[in-house]
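Everything quoted here is computed from the prediction, not taken from an experiment.
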Amino acid sequence: MSGRGIQLTRIATLLATLSLLWSSCERSKDLPLEAGFGGEGVVGSLHEVVLTPSEVRQIRPSINFGLGYYLFVGQRGALQTRTFLLFDALPESARVRYAELRFPLPVRYGTGELRVRAFPVIGDWEEKTLTWENVPAVDLSRTLGDTAWSTRDSAMVAIRLDTTAVTDWIWNSSTNKGFVLEAEPGADVLFELYSVDVSDLTLAPRLWLKYVKNGKLDSADTYPSADAFVAHGEDVPVEVAYTMTAQDVDRILLKFDLTRIPRGASINRAQLEWSVLPQETRFEDKTLSISIHRVMEWPWEGEYVAFDSSTYRAFFTLTQSDKLLTLTSTDQVQMFSHMLQMMVVGSLPDYGFLLRIAREDAAVGRVALVPAGSDSTTGPRLIVTYTLPPGEQP
C-alpha cells in the first residue's frame, strides 16, 4: 500500500474512533481521546457538559426597523405592516409635472392583488425610533397616491404621487413630513421591498420626477432620506417563546454559564439545541435559516443590543416538520465550536448569544420554541464536548 493510502486509512480509522467516542459519551464521563477539534493531536480526557441558559430575553416588537434592508407593505396572516418614507433632497424652485414612486424587484407573499394608498404624515417621526406603538398622525382624508400591485408583478412596483403635494414639499418644506404606504384590508398579500439602506442603490426606492425649473423641463431621481416599516402581529400565543420577524418576538438573547467549562479545555464539539413545536410553527418557504450570533455588549440594556453580524455566527436550517432546532451542517458546527472556544479562553468576551431569523425582516411566519426553563431536555441547551490535558479535572 502506498504512503498516501496508509495515511488515508489512518484518517478513516481516526474519524471512526472519534464517532464512536462521541456516540458513547455521557455527561462528565472521562474517556480517552487522541485527537481534538480541527484535527490537532490532543491527549487527555473527554467530557461533556449540558448547560441550560442562565438568562433569556425576548425582544418585543417595539424594536425599530429603520436601518434594516427591507420594507414591507400589506398583510399576511396575523402580520400587518406599514411603510413610512420621507423625500427631502428635491430640486429647488421647481414645479413638478409628474412624480412616481418606484420599487425595483419586489418579493411577493401570497397571491392576488393588493391596493396600496399613500397618505400624508402630519406628525413628526424619526427613522431610528419609529415603531408600531409610536406611529405619527396621518391624514387619512387625503390620498397622495392609489394603485394596485399584483403578485404577478416582478420587475418593479410603482405608485404615482400627487404632483401638487410634491411641489408643496419643494416650496414649503414644513408641509413635508413624508407619507405612509398602507394596504387596504382584506387581501392576504405582502410585498417585501428594499430600503435605502441596502448596499446596492439600484434596488432602493426612488422618486422619479419630471419638473419645470427656470422655464426648462427636466427630470431627476431622488432617494428617501428616511424610510422605515412598522409591523404588528395579533393572536399569537403568549405562553410560547418565539423567534420571528416583525411579530411577537423578533430576537432572543441567551446567556450560559461558560465558567463550567475549564479555560484549559479544548472544545471538540459545541451544539445548541432547542425543541420546536411544529403545530405552532409556520413560515412561507420550504426551509428557514436561523442564525446565532455573538453578542457584543453586557449588560443587555433596552432593545438595541449590538451583535456580531458577519464574523462569529452560525446558521440553522429549519423545515416545516422539524421538532428540533439544531446545527446539522459540519461547517456550522465547527464555526460555532470555534466561537465558543474563543469565548472560553477569553479571546472573545462572553456576553451571550443572539438568535434571529437569518434574513431579517424578510421571512414571513413564526418559529414556536418550547418555553425556556420548562424542561432542560426541551428548552434551550448548550451541549459541549471538550478535552482536558492529563491531570486536569473539570
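Using a 4.5 Å heavy-atom cutoff, the side chains of Phe316 and Gln332 are not in contact. Residues Lys210 and Val96 are not in side-chain contact: their nearest non-hydrogen atoms beyond the backbone lie 4.5 Å or more apart. Within the 4.5 Å cutoff, side-chain heavy atoms of Val73 are placed close to those of Leu193. No side-chain heavy atom of Arg294 sits under 4.5 Å from any side-chain heavy atom of Arg313. Using a 4.5 Å heavy-atom cutoff, the side chains of Glu48 and Val384 are not in contact. Using a 4.5 Å cut-off on side-chain heavy atoms (C-beta onward), Pro53 and Pro380 make contact. For the pair Ile290 and Arg356, the minimum side-chain heavy-atom distance is 4.5 Å or more. Between Thr287 and Leu318, the closest side-chain pair of non-hydrogen atoms is not below 4.5 Å.
Both Trp171 and Phe87 belong to a common hydrophobic cluster when Ile, Leu, Val, Met, Phe, Trp and Tyr are linked at side-chain heavy-atom distances under 4.5 angstrom. Note on Met342: it clusters hydrophobically with Phe336, by side-chain heavy-atom contacts below 4.5 Å among ILVMFWY residues. Leu327 and Leu258 fall within the same hydrophobic cluster, defined by Ile, Leu, Val, Met, Phe, Trp and Tyr side-chain heavy atoms under 4.5 Å apart, directly or through other members. Under a hydrophobic clustering in which Ile, Leu, Val, Met, Phe, Trp and Tyr are joined whenever their side-chain heavy atoms come within less than 4.5 Å, directly or via other members, Trp298 and Val295 fall into the same cluster. Linking ILVMFWY side-chain heavy atoms closer than 4.5 Å, directly or via other members, places Phe315 and Trp274 in two distinct hydrophobic clusters.
The CG atom of Leu340 sits 13.0 Å away from the CZ atom of Arg269 when rounded to the nearest 0.5 Å. In this structure, Leu51 CG and Leu254 CG are separated by 12.0 Å, a value rounded to the nearest 0.5 Å. Considering CG of Leu71 and CG of Asp197, their distance stands at 8.5 Å, rounded to 0.5 Å. Distance check, rounded to the nearest 0.5 Å: CD of Glu55 to CH2 of Trp300 gives 4.5 Å. Separating the CE atom in Met343 from the CG atom in Leu348 is a distance of 6.0 Å, to the nearest 0.5 Å. The CG atom of Leu161 sits 9.0 Å away from the CG atom of Leu209 when rounded to the nearest 0.5 Å.
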Begin with the C-alpha distance, continue with both residues' side-chain angles, and end with the deciding distance and a verdict on side chain to side chain contact (heavy atoms under 4.5 Å, CB included) for Trp132 and Gln80.
CA-CA 10 Å; Trp132 184 270; Gln80 306 172 47; 4.2 Å; yes
For the pair Leu201 and Val196, evaluate side chain to side chain contact (heavy atoms under 4.5 Å, CB included) and give the outcome as yes or no after the intermediate values.
CA-CA 7 Å; Leu201 274 183; Val196 75; 4.2 Å; yes
Where do Phe179 and Leu85 land on the side chain to side chain contact (heavy atoms under 4.5 Å, CB included) test, with the steps shown first?
CA-CA 6 Å; Phe179 56 93; Leu85 299 107; 3.9 Å; yes
Side chain to side chain contact (heavy atoms under 4.5 Å, CB included) for Phe229 and Arg82? Distances and angles first, verdict last.
CA-CA 6 Å; Phe229 81 93; Arg82 302 171 185 164; over 6 Å; no
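For Lys213, the NZ atom counts as densely surrounded, since its 6.0 Å shell holds more than 12 non-hydrogen atoms of other residues, nucleotides or ligands. Crowding of Lys255 atom NZ: a count of heavy atoms from other residues, nucleotides or ligands under 6.0 Å exceeding 12. Around the CG atom of Asp331, the shell of radius 6.0 Å holds more than 12 heavy atoms that belong to other residues, nucleotides or ligands.
The existence of a salt bridge linking Lys128 and Glu126 is excluded, since no basic side-chain nitrogen approaches an acidic carboxylate oxygen closer than 4.0 Å.
The ring of Phe353 has its center no closer than 6.0 angstrom to the ring center of Tyr312. Aromatic ring centres of Tyr194 and Tyr70: separated by under 6.0 Å.
At least one donor-acceptor pair under 3.5 Å links the side chain of Arg381 to the backbone N or O of Gly379. With hydrogens and angles ignored, the 3.5 Å screen pairs no side-chain donor or acceptor of Ser266 with any backbone N or O of Thr387. In terms of modelled atom types and a separation under 3.5 Å, the side chain of Trp125 and the main chain of Asn134 share no donor-acceptor contact. The closest donor-acceptor contact from the side chain of His293 to the backbone of Asp308 lies under 3.5 Å. The backbone N or O of Ala306 sits less than 3.5 Å from a side-chain atom of Glu297, completing a donor-acceptor pair. When atom types are taken as modelled, the side chain of Thr143 and the backbone of Gly145 share no donor-acceptor pair closer than 3.5 angstrom. Checked by atom type and distance alone, the side chain of Thr81 pairs as donor or acceptor with a backbone atom of Gly74 at under 3.5 Å. Checking side-chain atoms of Gln75 against main-chain N and O of Glu184 turns up a donor-acceptor pair under 3.5 Å. Distance alone, capped at 3.5 Å, is enough to place a donor-acceptor pair between the Ser275 side chain and the Thr378 backbone. Under a 3.5 Å cut-off, the side chain of Asn176 and the backbone N or O of Ile170 do not form any donor-acceptor pair.
When all heavy atoms are compared, the tightest approach of Leu90 to Trp169 is CD1-CB, 3.9 Å. Taking all atoms of both residues into account, the shortest heavy-atom contact from Ala148 to Arg115 is CB-NH2, 3.8 Å. Nearest heavy atom pair, residue Leu130 against residue Val135, reads CD1-CA, 3.9 Å. Of all heavy-atom pairs spanning Ala270 and Val333, the tightest one is O-CG1, 3.9 Å. For the residue pair Pro224 and Pro205, the shortest heavy atom distance occurs at CD-O, 3.3 Å. Residue Ser54 comes nearest to Asp257 through the heavy atom pair OG-N, 4.1 Å, listed as atom of the first residue, atom of the second, then distance.
None of Ile292, Val56, Val367 except one satisfies the side-chain contact (heavy atoms from CB on, under 4.5 Å) rule with Leu355; the exception is Ile292. Shown are Val121, Leu144, Val230, Leu140; of these, the side-chain contact (heavy atoms from CB on, under 4.5 Å) with Val180 is made only by Val121. With Thr385 as reference, Leu46 is the one residue of Val49, Ile267, Leu46 to meet the side-chain contact (heavy atoms from CB on, under 4.5 Å) rule.
At a cut-off of 3.5 Å, with distance as the only test, no side-chain donor of Asp227 or Thr83 sits close to an acceptor on the other residue. No hydrogens or angles considered: a donor-acceptor pair under 3.5 Å links the side chains of Asp88 and Ser225. Between the side chains of Thr319 and Asp322, a donor-acceptor pair is found at a separation under 3.5 Å. A side-chain donor from one of Glu192 and Tyr109 sits under 3.5 Å from a side-chain acceptor of the other. Judged by distance alone, the side chains of Thr326 and Gln271 do bring a donor and an acceptor atom under 3.5 Å apart.
A cation-pi contact, defined as under 6.0 Å to the ring centre and within 45° of the axis, is absent between Arg160 and Trp208. At least one test fails for Arg108 against the ring of Trp149: distance under 6.0 Å to the centre or angle within 45° of the axis.
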